[in-house]
Amino acid sequence: MTPETSAPPLSPMQKIWHIVALIPEGRVASYGKIADYAGLPGRARYVSRALKQAPDSLALPWHRVINSQGKISFAKDTHPFQLQMSLLRSEGVQVNQGRIALSEYEWRPDMATLVLSMPF
DNA sequence: CTCCTGACCCTTC
DNA sequence: CGAAGGGCCAGGA
């Protein structure tokens, strides 16, 4: 037995939080991609729930997560939308009409590095 | 158990 | 480009 190597199992939600925390400043990633990176393909909606439920104490960069169309997913006339837009702009991301150029700002993590960063 | 709701995504028109 | 429809699946009522 090797008790010191037994790591506590990471729940799907914790995996998502872990990935989101890795998105660098000035970059964005889509809900769907986050799901893929977390080993949960096709679960974009689950990612949105995970972000909503994330405790503030984690201080996750939730504003760096947008939809696959490169747009902020909150309705344009809401406070969350305004907040997300200003947070992105404050770190140099251009937002026009709630839209972000994925070709310019999408986070493309090195998969090997990503895997190694996961606490098994 | 069923029904409804999403910080979604993809295809089609 | 935008809108519509279907798929998806965890949570809550």
Side-chain angles (χ1 to χ4, degrees):
Chain A
M1 311 221 322
T2 55
E4 62 279 356
T5 60
S6 65
L10 225 52
S11 73
M13 192 169 287
Q14 290 176 309
K15 288 184 180 177
I16 290 169
W17 293 340
H18 183 81
I19 300 291
V20 171
L22 297 176
I23 307 174
E25 194 178 315
R27 318 241 76 182
V28 297
S30 72
Y31 296 89
K33 288 294 183 60
I34 295 297
D36 290 345
Y37 300 151
L40 303 166
R43 313 264 184 96
R45 307 194 83 137
Y46 185 63
V47 173
S48 70
R49 274 198 303 280
L51 290 184
K52 179 180 287 186
Q53 292 178 41
D56 293 349
S57 59
L58 290 180
L60 291 180
W62 60 269
H63 58 284
R64 297 176 190 148
V65 184
I66 60 180
N67 67 32
S68 65
Q69 298 175 63
K71 298 196 289 189
I72 289 175
S73 277
F74 292 110
K76 292 232 290 284
D77 57 0
T78 64
H79 180 66
F81 176 94
Q82 296 298 331
L83 176 59
Q84 183 164 13
M85 181 166 65
S86 62
L87 284 172
L88 286 171
R89 285 177 171 164
S90 74
E91 47 187 64
V93 176
Q94 287 186 34
V95 185
N96 302 312
Q97 305 297 119
R99 194 170 45 184
I100 292 115
L102 287 176
S103 59
E104 184 75 18
Y105 301 103
E106 184 175 32
W107 175 45
R108 277 139 183 143
D110 174 72
M111 295 311 280
T113 303
L114 197 60
V115 171
L116 291 177
S117 79
M118 294 297 286
F120 295 94

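In what follows, chains carry the letters A, B, and so on, assigned in the order in which the sequence lines appear, proteins first and then strands, with residues in each chain numbered from 1. Basis for what follows: all heavy atoms, side chains included, without hydrogens, waters or symmetry-related copies.
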Starting at [atom1] of [X], measure out to [atom2] of [Y] and round the result to the nearest 0.5 Å.
X       : Y       : atom1 : atom2 : result
A/Gln53 : A/Tyr46 : CD    : OH    : 7.5 Å
A/Met13 : A/Leu40 : CE    : CG    : 10.5 Å
A/Asn96 : A/Met85 : CG    : CE    : 10.0 Å

Which residue in the set A/Val65, A/Leu114, A/Leu60, A/Asp36 passes side-chain contact (heavy atoms from CB on, under 4.5 Å) when paired with A/Ile19?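 Going through A/Val65, A/Leu114, A/Leu60, A/Asp36 one by one, the side-chain contact (heavy atoms from CB on, under 4.5 Å) with A/Ile19 is satisfied by A/Leu114 alone.
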Is there a donor-acceptor pair under 3.5 Å between the side chain of A/Trp107 and the backbone N or O of A/Pro24?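 Pair absent, no side-chain N/O of A/Trp107 close to backbone of A/Pro24.
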Does any N or O in the side chain of A/Arg99 come within less than 3.5 Å of the main-chain N or O of A/Gly70, such that one atom is a donor and the other an acceptor?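 Flag not set: sc A/Arg99 to bb A/Gly70 has no pair under 3.5 Å.
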Are any of the side-chain heavy atoms of A/Arg64 and A/Glu91 separated by less than 4.5 Å?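 The answer is yes, as the side chains (C-beta and beyond) meet within the 4.5 Å cut-off.
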Which of residues 23-57 of chain A sit near DNA chain C, with a heavy atom under 4.0 Å from it?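 Only A/Arg43, A/Arg45, A/Tyr46, A/Arg49 qualify.
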Once you round it to whole Å, what is the distance between P of B/dC9 and CD1 of A/Ile66?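 The answer, rounded to whole Å, is 9 Å.
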Send over the distance from A/Gln69 CD to C/dA4 C1', rounded to a whole Å.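 The answer, rounded to whole Å, is 13 Å.
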For B/dC8, take OP1 and OP2 only and decide whether either is under 4.0 Å from a side-chain N or O of A/Ser68.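 For B/dC8, neither OP1 nor OP2 has a side-chain N or O of A/Ser68 closer than 4.0 Å.
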Please check if atom CD in A/Gln82 has more than 12 non-hydrogen atoms from other residues, nucleotides or ligands closer than 6.0 Å.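 Atom CD in A/Gln82 is crowded, with more than 12 foreign heavy atoms closer than 6.0 Å.
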Where along residues 70-92 of chain A does a heavy atom fall under 4.0 Å from DNA chain B?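 Going residue by residue through residues 70-92 of chain A, the ones with a heavy atom under 4.0 Å of DNA chain B turn out to be A/Ser73, A/Phe74.
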